[in-house]
Amino acid sequence: MGSRASTLLREEEIEEIKKETGFSHSQITRLYSRFTSLDKGENGTLSREDFQRIPELAINPLGDRIINAFFPEGEDQVNFRGFMRTLAHFRPIEDNEKNKDPTASEPLNSRSNKLLFAFRLYDLDRDDKISRDELLQVLRMMVGVNISDEQLGSIADRTIQEADQNGDNSISFNEFIKVLEKVDVEQKMSIRFLH
Amino acid sequence: MSVHALRKSASSSCSNILVVFVGIGLPIEASAPAYQSHGTEGSHLTNITNTKKAFPVLAVNYEHVRKPFEIALWILLALLMKLGFHLIPRLSAVVPESCLLIVVGLLVGGLIKVIGEEPPVLDSQLFFLCLLPPIILDAGYFLPIRPFTENVGTILVFAVIGTLWNAFFMGGLLYALCQIESVGLSGVDLLACLLFGSIVSAVDPVAVLAVFEEIHINELVHILVFGESLLNDAVTVVLYNLFEEFSKVGTVTVLDVFLGVVCFFVVSLGGVLVGAIYGFLAAFTSRFTSHTRVIEPLFVFLYSYMAYLSSEMFHLSGIMALIACGVVMRPYVEANISHKSYTTIKYFLKMWSSVSETLIFIFLGVSTVAGPHAWNWTFVITTVILCLVSRVLGVIGLTFIINKFRIVKLTKKDQFIVAYGGLRGAIAFSLGYLLSNSHQMRNLFLTAIITVIFFTVFVQGMTIRPLVELLAVKKKKESKPSINEEIHTEFLDHLLTGVEGVCGHYGHYHWKEKLNRFNKTYVKRWLIAGENFKEPELIAFYRKMELKQAIMMVESGQLPSVLPSTISMQNIQPRAIPRVSKKREEEIRRILRANLQNNKQKMRSRSYSRHTLFDADEEDNVSEVRLRKTKMEMERRMSHYLTVPANRESPRPGVRRVSFPTVHFEQPSPPSTPDAVSLEEEEEEEVPKRPSLKADIEGPRGNASDNHQGELDYQRLARCLSDPGPNKDKEDDDPFMSC
């Protein structure tokens, strides 16, 4: 498995991915072997069925949305680059990155990019607002089927009302950021990828 | 009278107080023999019956009440002192309370000595069995679970490795010091020094709590120092017992060291296991207490105390048992017990731990005056300096290693506070006091320990607050419980678990999710009464938040019309009609809640606060009179809303659509509203308007769907009113669900 992985992934690709996402060499090769183990069709890309085969995602309330987040707009296959690009959001923020050249584009795992990723999981129609219905859908997924619609609706109303500042009855990205300012997003949205 | 009492008290040994506490019979004094009428000692009795004394109208029998009297007097003195400090605001702002209490102890001890009596020393048995458990239970029960589990690795490293480092570093260097001829302590061998090192090295939870709660530092640093002070008990126990045994024997073999390591694991894991068992027992018991709500708090206290005593019996770590018991039982107990019981538990724990802490510091002061002292300048000064140095080195070294594994690194400021906050306290003193007199260095050690304690509590305790300001260390962020944060945090939990699954990475979230699932499917079913175990975490949080807000609004005299949800009211027009009645129903629910007897508000309190249960003086400001006035106003308003005919002008749209479920009042289906029954028992004051409401509702009552919804609402209403659980503050989170 190891040898197959390294022959299929060229050095230049690894370098490019490293530059784009910030992962280290060993992390990239490890994640590549994971990628290939998921890729049952062995065609170098993952489809939604491949993701759905992962047991943890099957029982996860947000499983479908997470799977969706990996696929770019309208496509049904994701290659390794896209896979890594999505996973890069969850890399821990390192200190030396904070002092990087401000003119360079923001790294994928910056705090606001992490929050944007989470925001996009709520905001399916990409109108940059979490509407009441979108919130309701997420709540329904997390809470299960035993709770009545009215109760869920009042929770959703309360949530929006707490966060909404400009009165448009939905949560915009800035309001989302504001609500989560007390939450330690850098820690909460980071996975300690093994070196 | 007080001098007389003190004189008497001073001559009794404090260990007798323990007897009283455990209640193994007050000494029933000399009045007994006089009533033995048919004894064999005939002559003795005839003597008594022959000399008939005048019937004593007024007699003084101090011996009869001496012990409880003295105890009560000491406690009263301690509390009066505490009261006094807080009346002088400038003093309590500068000097931490622990320092003041020690000074008081010194004064009292000096006073006793001046009189010529022997001042009582802080008896170790009294300390470990009576004074320490309430503090630890209070800390463990209200331990903020989420930050604790997120940092448990760091905490364990500091607690175990840090304490070991401290002990050996100090012991070793002190031994080297004693080898120097000029010091004059050449009789001290290595094992004695190591024993001393192990006593002094442990950070003390009582002192840390006392000082840290006044500086409101950010959560991370607080939980690091505090968690360390709790978890290092296992290390201290093992090291102390180990060195005590060895110093008698005099030699150490490799086997002994190996056994020591094994002992450490047994002590710590055994303690946790014992605590967890008692915790589950307590949770299981609380499942059945719905008919005897009054004794619910007692179960919590007794099971925890039993856990402590059981583990002390086996020489396991009692502190860890207490913590484990509190942590394990809390989520289940809180789902089962009533609101009042929760408040009682909270109040009693805070009260007892406050009293304990006060007594401990006063006794420390008194013991300083009393205790046998052997002063050796070099030794004592070196001890103090070494304490500081080893702590700083230990923290810096360990942080360097830990930061490689942490996602959020510890900054220099954090490290400084962690190092500076390593206070020593009464546990070190008591352990030193426990040393048998065969140790020739006992007095010297005691003196050094007391000096270290004084130094850390006074110097470090007093200066830590200005230093925190000076270094601009992050303070605790005050935040109201926010449904947003709760939802998004749970959302992120699921997201991260999913992404970990994608990566094939079995990390923190994966195991947390597994534990949650296990808890939900198996454990909760057994330990939570009724149907509550199915309730999702989020719903419980929301419900309690709403309840708290309603209570707050009623008690502050606000009208329900100032509902924050008025914004959503504007959007109701285009929506379906049932939405409107839902809003009305909520308002009515709030008004009804105003009539509940147990309507004390439960403000958020950071569990770290020892002196105040509720923020500010909310609790005191709400007087019964005001509450009753508000209630009457609410009732009036409510009857107005409900009796107003449909076509009258009213401030609320859709009043006519109130489907207040009058019909369903009479037929609550038993399985869904078991709590309605307990509501009857619990509240002395019935909802007074309920019968008249039934008569007043008129007008169109909506269609079948409204009625059905009304029934659902009623069930929800009844459940809310009987309030099976406490308020869930953000930091008192359900450990299994939200971390």
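Numbers restart at 1 for each chain; the letters A, B, ... are given by sequence-line order, proteins then strands.
Chain B forms the most heavy-atom pairs under 4.5 Å with one residue out of A:Val138, A:Leu180, A:Ile147, and that residue is A:Ile147. Between chain A and the options B:His494, B:His510, B:Arg406, heavy-atom pairs under 4.5 Å are most frequent for B:His494.
Expressed to the nearest 0.5 Å, how far CG of B:Leu496 lies from CG of A:Asn60 amounts to 10.5 Å. Rounding to the nearest 0.5 angstrom, the gap separating the SG atom in B:Cys503 from the CG atom in A:Leu31 is 5.5 Å. A:Lys114 contributes atom NZ, which lies 10.5 Å from atom CG of B:Leu495 (distance to the nearest 0.5 angstrom). Note that CG of A:Leu62 is 9.0 Å distant from CD of B:Glu490, once rounded to the nearest 0.5 Å. Note: A:Ile54 CD1 to B:Glu500 CD = 12.5 Å, rounded to the nearest 0.5 Å.
Contact annotation: the side chain of A:Glu56 never approaches that of B:Val502 to less than 4.5 Å [non-hydrogen atoms, C-beta and beyond]. Within the 4.5 Å cutoff, the side chain of B:Asn484 has no heavy atoms near those of the A:Arg158 side chain. For the pair B:Ile487 and A:Met142, the minimum side-chain heavy-atom distance is below 4.5 Å.
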- Message: Pair A:Lys188, B:Thr489 - check side chain to side chain contact (heavy atoms under 4.5 Å, CB included), show working.
- Response: CA-CA 8 Å; A:Lys188 262 218 89 73; B:Thr489 313; 3.7 Å; yes
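The 12-atom threshold is not exceeded at NZ of A:Lys178, counting heavy atoms of other residues, nucleotides or ligands nearer than 6.0 Å.
In terms of heavy-atom proximity, B:Leu492 sits nearest to A:Ala118 at CD2-CB, 4.1 Å.
Interface residue A:Ile59: backbone and side-chain heavy atoms are both found under 4.5 Å from chain B. If you measure heavy-atom distances from A:Val185 to chain B, you find no contacts under 4.5 Å at all. Contact of A:Ile155 with chain B is made through backbone and side chain together, with heavy-atom distances under 4.5 Å. There is no contact between A:Phe35 and chain B, counting heavy-atom distances below 4.5 Å.
Using cut-offs of 30° and 60° on the angle between ring planes, the pair A:Tyr122 and B:Phe491 is parallel.
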